[in-house]
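Structure first, then comments.
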Amino acid sequence: LPRRHPPRTHQLPDPQPVRRMTPADITNTRNNLGLTQAQFASALGLHRVTVAKYEAGMLKPPPWFVVLVRYAEAHGPPQYVEAYQMPPDE
């Protein structure tokens, strides 16, 4: 059978371990970005309840979540989040 991809000729660097986040880290990051839980969740593609559970320590966030939050810390929230307005709670 023919190979679909050429053989890899370079080595990828070893991945860096993801530094864990405490619930307080998550809350502080969200507050520093000036986002509500709903806005933060929307920016990360999550439900607000999931973010609330991460912040309360009820769920341990997966590594991909930590990477996205660290990125948001360094670069700010996506532009569409800044313009997003949540309707008032009923």
Side-chain angles (χ1 to χ4, degrees):
L1 294 171
R3 292 186 80 154
R4 292 184 181 197
H5 302 286
R8 187 181 304 176
T9 58
H10 62 281
Q11 291 291 338
L12 297 175
D14 289 331
Q16 298 296 315
V18 176
R19 186 170 58 91
R20 292 178 34 177
M21 292 189 86
T22 66
D25 291 336
I26 297 167
T27 303
N28 290 338
T29 298
R30 179 180 59 76
N31 287 333
N32 290 340
L33 293 171
L35 300 175
T36 65
Q37 285 182 340
Q39 291 169 323
F40 193 58
S42 176
L44 299 172
L46 298 171
H47 192 277
R48 184 198 59 79
V49 173
T50 303
V51 169
K53 288 182 178 182
Y54 290 160
E55 290 184 0
M58 296 171 63
L59 286 176
K60 179 183 172 189
W64 62 263
F65 174 85
V66 176
V67 169
L68 288 177
V69 172
R70 296 286 184 218
Y71 183 86
E73 280 180 327
H75 302 286
Q79 290 178 352
Y80 70 87
V81 174
E82 293 172 1
Y84 182 71
Q85 296 294 320
M86 285 294 296
D89 288 337
E90 300 285 327

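The structure displayed is predicted, hence computed values, not measured ones.
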Is there a chain of hydrophobic side chains (I, L, V, M, F, W, Y, each step under 4.5 Å between heavy atoms) that links Y71 to W64?
no

Rounded to the nearest 0.5 Å, what separation is found between the CG atom of N31 and the OG1 atom of T36?
10.0 Å

Separation of F40 CZ from L68 CG (nearest 0.5 Å):
9.0 Å

Selection residues 42-53 - residue pairs positive for salt bridge (charged side-chain N to carboxylate O under 4.0 Å, His left out), sequence neighbours left out:
none

Tell me if a side-chain donor or acceptor on D25 pairs with a main-chain N or O of T22 at a distance below 3.5 Å.
yes

Only counting residues at least two apart or in another chain, list the ones meeting side chain to side chain donor-acceptor pair (under 3.5 Å) with T29.
E73

How about Y54 and L46: do any of their side-chain heavy atoms sit closer than 4.5 Å?
yes

Side chains of residues 55-62: which donor-acceptor pairs under 3.5 Å do they make with residues two or more places apart or in other chains?
residue: E55; atom: OE1; partner: R30; partner atom: NH2; Å: 3.2
residue: E55; atom: OE1; partner: Q37; partner atom: NE2; Å: 2.7
residue: E55; atom: OE2; partner: R30; partner atom: NE; Å: 2.5

Run the numbers on I26 and F65 for side chain to side chain contact (heavy atoms under 4.5 Å, CB included), then give the verdict.
CA-CA 10 Å; I26 297 167; F65 174 85; 3.8 Å; yes

